[in-house]
4 protein chains.
Amino acid sequence: MTSARAILLLHCPDRQGIITDVTGFITRNRGNIVYLDQYVDTMDKRLFMRVEWELDGFAIEERKQIFKAFQEQIGVGYDMDANVFFSDEKPRMAIFVSKMSHCLYDLLARYQAGEWDVEIPCIVSNHEDLRYVADQFGIPFYVWSIAADKSNVEQVEREEMELLQKEKVGFVVLARYMQLISDKMIARYPHHIINIHHSFLPAFKGAKPYHQAYERGVKIIGATSHYVTKDLDAGPIIEQDVVRITHKDTPDSLVAKGRDLEKIVLSRAVTKHIERKILTYKNRTIVFG
Amino acid sequence: MTSARAILLLHCPDRQGIITDVTGFITRNRGNIVYLDQYVDTMDKRLFMRVEWELDGFAIEERKQIFKAFQEQIGVGYDMDANVFFSDEKPRMAIFVSKMSHCLYDLLARYQAGEWDVEIPCIVSNHEDLRYVADQFGIPFYVWSIAADKSNVEQVEREEMELLQKEKVGFVVLARYMQLISDKMIARYPHHIINIHHSFLPAFKGAKPYHQAYERGVKIIGATSHYVTKDLDAGPIIEQDVVRITHKDTPDSLVAKGRDLEKIVLSRAVTKHIERKILTYKNRTIVFG
Amino acid sequence: MTSARAILLLHCPDRQGIITDVTGFITRNRGNIVYLDQYVDTMDKRLFMRVEWELDGFAIEERKQIFKAFQEQIGVGYDMDANVFFSDEKPRMAIFVSKMSHCLYDLLARYQAGEWDVEIPCIVSNHEDLRYVADQFGIPFYVWSIAADKSNVEQVEREEMELLQKEKVGFVVLARYMQLISDKMIARYPHHIINIHHSFLPAFKGAKPYHQAYERGVKIIGATSHYVTKDLDAGPIIEQDVVRITHKDTPDSLVAKGRDLEKIVLSRAVTKHIERKILTYKNRTIVFG
Amino acid sequence: MTSARAILLLHCPDRQGIITDVTGFITRNRGNIVYLDQYVDTMDKRLFMRVEWELDGFAIEERKQIFKAFQEQIGVGYDMDANVFFSDEKPRMAIFVSKMSHCLYDLLARYQAGEWDVEIPCIVSNHEDLRYVADQFGIPFYVWSIAADKSNVEQVEREEMELLQKEKVGFVVLARYMQLISDKMIARYPHHIINIHHSFLPAFKGAKPYHQAYERGVKIIGATSHYVTKDLDAGPIIEQDVVRITHKDTPDSLVAKGRDLEKIVLSRAVTKHIERKILTYKNRTIVFG
């Protein structure tokens with residue numbers, strides 16, 4: 001059986017000796033480091049680091065004390081933005097969908113096959129259409145219809161956030177959810193709402209990107225997963241991928257080719273988020289390998 | 001020895017019987033078709049076609065009569081936009097450069113190696129920097145400096161166009177030429193000036209696209225070759241390609257990675273143009289395989 | 001409502017006038033051609049062609065007479081290998097699986113979402129493991145266990161073929177089916193059994209390709225969908241794709257990355273097969289766009 | 001002006017505290033680390049590391065003493081395979097060519113443009129064909145013809161190695177050099193001879209890979225750069241890339257498409273080698289970003 005592991009994610013202004021100090025803290029406490037990756041942004045003079053060690057035999061036995069000890073011994077001096085996670089504490093993820101099933105199926109098939117260390121306690125939608133998919137996988141499905149005049153949006157989001165809180169949801173995946181998220185909800189989950197946009201951002205922001213791509217006559221289309229921020233389609237990009245098209249493609253065939261991109265690109269981003277391998281800084285992501 | 005071939009490029013409103021009629025014209029005149037590709041744009045109800053046949057044994061012996069006969073027998077009835085080329089009449093291409101050599105070397109190395117059926121009678125620049133490259137390959141190099149206040153632009157372009165006319169240049173390749181082309185010159189060479197833009201258009205138009213890409217935090221960068229039109233970076237796209245980057249990349253490393261993309265994407269577009277495999281319609285290109 | 005369409009797929013030795021004759025047959029009978037693609041293999045001097053026309057208003061009303069008339073008027077003279085299909089006659093597809101669910105989910109999610117004009121009357125397996133997936137989608141699931149000494153293979157395949165015949169199955173998709181198909185069954189479905197091999201063929205044939213790839217230290221891995229022939233992993237390739245890896249990848253992470261490739265590459269091949277856009281000749285495929 | 005930097009490349013059995021010790025050695029001597037990347041192969045339990053620090057202000061002033069001090073204080077205890085390089089000591093590279101110019105031009109254009117910190121004192125060939133290219137760039141060109149019966153191979157290689165020694169060549173690039181290198185010469189430059197093979201290895205080893213690819217009917221072709229070892233086309237892979245092809249491609253068009261791949265893939269490998277970012281272990285490469 002594999003031992004549980006602690007995962008330390010941090011970034012701070014780069015200074016001599018940080019890596020020595022951080023790894024020293026772990027080895028001094030008899031932690032066996034099984035993963036270490038770091039990156040120095042030489043333009044911003046900032047260090048980004050992810051280190052993972054086995055808890056078996058680690059000198060600080062109580063989990064709550066680990067981060068405290070780290071901050072007391074190391075963190076304060078370096079003005080760090082740091083977090084500790086534990087490999088056996090599964091993140092809880094909510095999925096928001098509308099009417100298209102391809103991303104939802106891709107997420108749930110991975111979940112069902114045990115590819116991810118994650119819990120999915122609920123699926124939320126603004127339409128009834130995909131209830132049957134949630135039922136296939138035995139996951140509770142909640143529908144809040146949005147009024148045509150959008151008058152109930154605030155009320156709906158309040159109830160959605162109550163659900164997320166009740167279900168201890170840690171992050172939200174918008175799997176082709178065709179409804180804007182309010183600033184209030186974004187503020188509640190900063191860099192914890194993952195969206196898939198069906199274009200190679202920043203090209204073709206907004207609505208109907210495949211039609212925009214067709215009109216512009218591009219030879220390659222893409223998809224982009226990103227964290228949701230206040231600015232539409234402008235949050236930190238986690239992952240992108242592309243596929244080659246030709247003059248023979250119509251908007252419809254672009255939509256079809258795009259579906260494959262969207263689901264793969266979204267699932268790759270979710271994988272990295274679940275593995276706690278993403279740091280964000282200045283609207284960019286550092287994604288460890 | 002290979003026989004010379006006629007190349008017919010056309011597009012017209014799609015109607016029943018066009019392909020039968022066009023191929024019928026050729027076979028009736030005992031032409032051996034060696035290439036036929038066509039594409040029907042079902043949204044615009046328009047047919048695009050490229051057909052190539054051997055001139056050996058073709059019943060219409062005088063080249064000038066071929067297009068005339070085609071138009072009389074076929075073209076008029078279909079409201080066609082058509083052209084006939086001959087494989088042994090090499091297009092003449094001018095290259096415009098500024099200070100960066102990577103695209104220029106890539107073009108000239110292919111030319112030197114005999115990869116292309118093309119003549120390059122002249123290289124034009126707004127700087128002296130790359131004269132040594134032109135000298136290496138023995139190609140005349142012409143420099144027109146642009147005044148800081150741009151006051152001589154009109155005069156310079158007039159002289160450049162005189163050179164192009166004198167050298168019977170058929171199309172122009174902007175190989176990282178850092179100077180705007182005037183509407184007048186564009187009008188003289190409609191869809192016959194090929195540019196390479198160092199981004200995945202329509203993302204990052206204008207100046208310093210790699211710096212824009214860095215700021216936006218994209219995970220993939222690209223390059224785009226297109227025909228130059230009045231609207232900056234908005235002409236019909238011929239070819240694009242991309243390369244994956246990571247958070248470790250700086251604007252400088254993007255520039256370096258981009259150079260490989262730029263030269264390959266530009267050369268692919270030039271190849272297709274030389275082979276007369278490109279048709280343009282409504283700001284999109286049809287690029288035959 | 002869209003009219004039903006006839007789809008003519010053919011290949012034959014290339015000679016002057018074929019395209020004129022074939023399209024002439026259709027237009028003479030007042031068929032409106034909505035798709036025409038052809039390819040001349042200049043090395044083998046062979047023409048490959050796919051043409052699609054609307055049946056509404058077509059002069060030959062009885063479907064069975066179309067192919068007969070075509071052969072009488074055109075086909076005989078050209079030594080053609082030809083077939084006519086109808087767009088509203090959905091092909092029937094069986095899926096064979098073992099224990100891995102990723103390809104199966106991808107196929108069924110597309111089927112459920114109505115992406116394909118296909119019927120899936122049955123799923124066959126050598127294990128019980130994936131019955132729950134078939135149940136989720138309400139598709140009959142049949143299990144034939146193979147004895148450890150393989151003594152019952154012949155009997156099992158006989159029963160499987162009875163099922164396929166009873167269900168009028170037209171083609172079979174091996175969605176990571178870990179059991180060899182006998183020559184007898186292959187002969188029954190020539191170029192109608194599609195397999196996904198988890199490597200970039202012809203590299204890493206046979207068992208455990210991801211482990212082979214890891215050992216060899218490649219920087220890119222791939223997946224290959226192909227028609228099954230008597231020679232293991234050597235049938236005509238329909239589609240391939242690749243993904244970049246690094247020295248950080250382990251055999252396990254290759255398996256994970258490969259899953260995404262496998263399902264996408266298999267589904268692309270199935271799409272083309274359902275659309276009747278594939279011709280095979282000399283162990284190669286012509287896949288129309 | 002940038003300070004010169006020391007580059008330490010090492011690998012050793014993984015044990016607790018190595019990274020702390022290595023970075024500690026540098027920071028204790030007041031070295032400012034500007035690059036640190038490491039990778040732990042958890043299967044082989046081996047650590048690979050590359051660290052780079054500024055020499056300005058480093059406590060050990062004499063360069064020869066740095067590696068000595070490192071080994072005494074750190075290296076011995078860990079059974080390390082380590083090397084120290086200095087950023088201002090340019091590696092010296094020889095290029096071997098035969099008759100094809102595309103890779104040679106690509107290498108020399110980068111060299112001329114100042115993209116690489118490298119010296120190219122000589123180009124070696126078994127044919128006169130490309131002397132004009134060497135002349136264009138003013139680099140000495142040496143030709144040793146190989147007798148038809150290969151009787152002079154040993155003598156030729158002896159003279160070539162004398163040249164390499166005289167020119168203090170550190171590594172050799174085979175830029176489509178169509179002549180086998182003997183085991184003796186390989187032994188003299190272990191993992192210091194870089195070859196480009198025109199296929200996606202291990203597929204299509206040996207001669208005429210594009211023809212093999214055509215025969216097999218693959219949908220993607222590739223190129224592979226690798227260090228030369230005794231086993232033909234089986235040395236550690238440094239870089240690979242691919243391009244999509246279709247049934248329309250002939251062996252000739254594959255050769256043309258492959259040229260672009262070959263030159264880019266070779267130049268990427270050379271870049272990494274010049275930057276001292278490659279470690280080899282068990283016939284695999286670790287290529288730092």
Side-chain angles (χ1 to χ4, degrees), chain C residues 37-44 48 199-205 209 211-227 233-253 265 268-269 278-289, chain D residues 37-44 48 199-205 209 211-227 233-253 265 268-269 278-289:
Chain C
D37 208 350
Q38 84 297 321
Y39 159 66
V40 176
D41 184 330
T42 52
M43 298 181 69
D44 282 320
F48 300 85
S199 86
F200 186 80
L201 287 176
F204 312 130
K205 287 185 191 182
H211 289 78
Q212 293 182 55
Y214 173 80
E215 287 301 326
R216 181 61 190 91
V218 292
K219 298 300 185 187
I220 288 173
I221 56 167
T224 305
S225 54
H226 63 95
Y227 287 121
D233 301 334
I237 292 171
I238 305 169
E239 167 68 353
Q240 301 187 290
D241 211 343
V242 297
V243 70
R244 194 166 278 275
I245 60 169
T246 76
H247 58 264
K248 296 186 182 178
D249 281 291
T250 60
D252 282 353
S253 73
V265 168
R268 283 188 196 146
I278 310 175
L279 280 167
T280 56
Y281 185 68
K282 281 192 173 181
N283 212 42
R284 286 199 295 273
T285 60
I286 287 84
V287 182
F288 290 111
Chain D
D37 209 349
Q38 84 298 320
Y39 158 65
V40 176
D41 184 329
T42 51
M43 297 182 70
D44 282 321
F48 300 84
S199 86
F200 187 79
L201 287 175
F204 311 130
K205 286 185 193 183
H211 289 77
Q212 293 182 56
Y214 173 80
E215 286 302 326
R216 181 61 189 90
V218 292
K219 298 301 184 187
I220 287 174
I221 57 167
T224 305
S225 55
H226 63 95
Y227 287 121
D233 301 335
I237 292 170
I238 304 169
E239 168 68 354
Q240 302 187 290
D241 212 343
V242 298
V243 70
R244 193 165 277 276
I245 61 169
T246 76
H247 57 263
K248 296 185 182 178
D249 281 291
T250 60
D252 283 352
S253 72
V265 167
R268 283 187 197 149
I278 310 176
L279 280 167
T280 55
Y281 185 70
K282 281 191 173 180
N283 213 42
R284 286 199 295 272
T285 60
I286 287 83
V287 182
F288 290 112

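Lettering of chains follows the sequences in order, A, B, ..., and the numbering in each one begins at 1. No hydrogens, no waters, no symmetry mates; every other heavy atom, side chains included, goes into these values.
Options D/Gly289, D/Ala234, D/Pro236 differ in how many heavy-atom pairs under 4.5 Å they form with chain C, and the most are formed by D/Ala234. Ranked by heavy-atom pairs shorter than 4.5 Å toward chain C, the options D/Ala203, D/Gly222, D/Ala213 are led by D/Ala203. Per-residue heavy-atom pair counts under 4.5 Å with chain D were compared for C/Val242, C/Val218, C/Thr246, C/Thr250, and the maximum is reached by C/Val218. The most heavy-atom pairs under 4.5 Å with chain C, out of D/Thr224, D/Val40, D/Ile238, come from D/Ile238.
One finds the CG atom of C/Leu201 at 13.5 Å from the NZ atom of D/Lys219 (value rounded to the nearest 0.5 Å).
Between C/Arg216 and D/Asn283, some side-chain heavy-atom pair lies under the 4.5 Å cut-off. Side-chain contact between C/Gln212 and D/Pro202 is absent, with no heavy-atom pair separated by less than 4.5 Å.
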Worksheet entry | Step-by-step salt bridge (charged side-chain N to carboxylate O under 4.0 Å, His left out) determination, D/Asp241 to C/Arg244 | CA-CA 9 Å; D/Asp241 212 343; C/Arg244 194 166 278 275; 3.4 Å; yes
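Both the backbone and the side chain of D/Glu215 come within less than 4.5 Å of a heavy atom in chain C. No part of C/Phe48 comes within reach of chain D, as not one of its non-hydrogen atoms sits under 4.5 angstrom from that chain.
Residues D/Phe288 and C/His247 come closest through the heavy atom pair N-CE1, 4.4 Å. Closest approach of D/Tyr214 and C/Arg284 over heavy atoms only: OH-NH2, 2.9 Å.
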